[in-house]
Undergrad: 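Structure provided below as structure tokens; questions to follow.
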Amino acid sequence: MRIDDVKKVCVIGGGLMGRQIALNSAVFGYEVRLCDASDEVLGKVRVWLDEYLAGRIAKGKMTKEQTEEYKGRMRIAPSLEEAIKDVQLVIEAVVEIRDVKFDLFRKLNKLVPANTILTTNSSTMVSSMFKDLVDNPSRLANLHYFNPALVMKLIEIVQGDHTSDETAELLMEFAKRTGKIPIRLTKECEGFVVNRALGALKAECLKIVEEGICTPQEVDTGLELGLNHPMGVFRLNDLTGIDLYFHLLEQMYKDRGIKPAGYDLYKGMVERGELGQKTGKGFYSYKKS
Ligand SMILES: NC(=O)c1ccc[n+]([C@@H]2O[C@H](COP(=O)([O-])OP(=O)(O)OC[C@H]3O[C@@H](n4cnc5c(N)ncnc54)[C@H](O)[C@@H]3O)[C@@H](O)[C@H]2O)c1
């Protein structure tokens, strides 16, 4: 497969990330098919799409004609089977649960030809986890966007031992053609580049909170004003989802048997439904839109 052969992209999962990845691809000229296991989510994506595009028109960032063109290229498909028909590139952005992704890659393997490029947007699962589930794993890699995917320029392309250079190069080019600046990791590692570096910072920040030195909000103020970080680690976590980070902590606890820093704090927040911006409360409070 060459990059010029890629015309249609399928995004699976219409949550926080998937809907933005889909629209970003449509803005840059790709035909996109988006699906989700939940009809309710698909309904929300339709409302979000209209509101988002209307907002861009109101701000003078897009014309009405442009928004119609983008919408025309982005089809919300009622099923996975419909969504993956005739696509050359699949971007998986479903919930960060291992078994859900395993089932999906098993299904995908049956549904698409063996040269269709398969990617995962997972932040914590490397694509080699799925390599035994698909024929021709040379077409499999991580294509890792950042939140909000319509705004953030960076994409990490992670090449496992199974990923061919051809696939990695195609994905680098796809990222560039969709307005992003990609970095290529030629080995898989936990956290990739950004979350690995952030993880070290965050672990230290959590220890500071657990040692009772100061509050999460004060840690954020320290990072924002002392290091000029645009967002402290806790404010950033409200944006990316408290539940998502808790899934990661739960997995670490299961794998290592040692309770990771912040586990109780995040568990309590998830139990109280304080999932960050999406529920109106996390480390900070937000007005629900
Ligand atoms: N949230 C972030 O900041 C962020 C950043 C980079 C990468 N990611 C990765 O992106 C992926 C999605 O994260 P998110 O924050 O968008 O999650 P989300 O919970 O907002 O959305 C996940 C969606 O997957 C859908 N889903 C679940 N099972 C499905 C299935 N079998 N088929 C189709 N759809 C299914 C759910 O209905 C939901 O709409 C995860 O792998 C995560 O690691 C997230």
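Atoms within each ligand, like the ligands themselves, are counted from 1 in listed order. What you see is a predicted model, and the numbers here were worked out from it, not measured in a lab.
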Undergrad: May I ask you to identify, for Val95, whether its side chain, its backbone, both or neither come under 4.0 Å of ligand 1 on a heavy-atom basis?
TA: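 Both the backbone and the side chain of Val95 come within reach of ligand 1.
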Undergrad: Does some side-chain heavy atom of His162 sit less than 4.5 Å from a side-chain heavy atom of Glu188?
TA: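 A side-chain contact exists here, since the closest heavy-atom pair is under 4.5 Å.
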Undergrad: For ligand 1, indicate whether the residue Val41 contacts it via side chain, backbone, both or neither (heavy-atom separation under 4.0 Å).
TA: side chain
Undergrad: Give me the one residue out of Leu185, Thr167, Leu171, Asp165 that meets side chain to side chain contact (heavy atoms under 4.5 Å, CB included) with Gln159.
TA: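 When Leu185, Thr167, Leu171, Asp165 are each tested with Gln159, the side chain to side chain contact (heavy atoms under 4.5 Å, CB included) holds only for Asp165.
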Undergrad: Which one holds for Met125 and ligand 1: side chain close, backbone close, both close, or neither close, with close meaning a heavy atom under 4.0 Å?
TA: neither
Undergrad: Look at the rings of Tyr245 and Tyr266 and say which category their plane angle falls in: under 30° parallel, 30 to 60° tilted, over 60° perpendicular.
TA: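 It falls in the tilted class, 30° to 60°.
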Undergrad: Record the part of Leu244 in heavy-atom contact with ligand 1 below 4.0 Å; permitted values are side chain, backbone, both and neither.
TA: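 Leu244 to ligand 1: side-chain contact only, backbone stays beyond 4.0 Å.
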Undergrad: Once you restrict to heavy atoms under 4.0 Å, what part of Tyr145 touches ligand 1? Side chain, backbone, both or neither.
TA: backbone
Undergrad: Given Ser122, Ala37, Gly18, Pro148, which one has a non-hydrogen atom that is nearest to atom 34 (N) of ligand 1?
TA: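 The nearest heavy atom belongs to Ala37.
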Undergrad: What part of Thr124, side chain from CB on, backbone N/CA/C/O, both or neither, has a heavy atom under 4.0 Å from ligand 1?
TA: neither
Undergrad: Within the structure, does His144 bring an N/O atom to less than 3.5 angstrom of an N/O atom in ligand 1?
TA: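 No - when backbone and side-chain N and O of His144 are compared with those of ligand 1, no distance drops under 3.5 Å.
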Undergrad: Nearest 0.5 Å please: distance from the CZ atom of Arg33 over to the CD1 atom of Ile84.
TA: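 CD1 of Ile84 is found 11.5 Å from CZ of Arg33.
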Undergrad: I need the single residue from Val158, Asn121, Ile155 that forms a side chain to side chain contact (heavy atoms under 4.5 Å, CB included) with Leu143. Which is it?
TA: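 Exactly one pass, corresponding to Ile155.
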Undergrad: For atom 8 (N) of ligand 1, what is the closest protein heavy atom, and at what distance to 0.1 Å?
TA: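 Minimum-distance protein heavy atom for atom 8 (N) of ligand 1 reads Ser123 OG, 3.4 Å.
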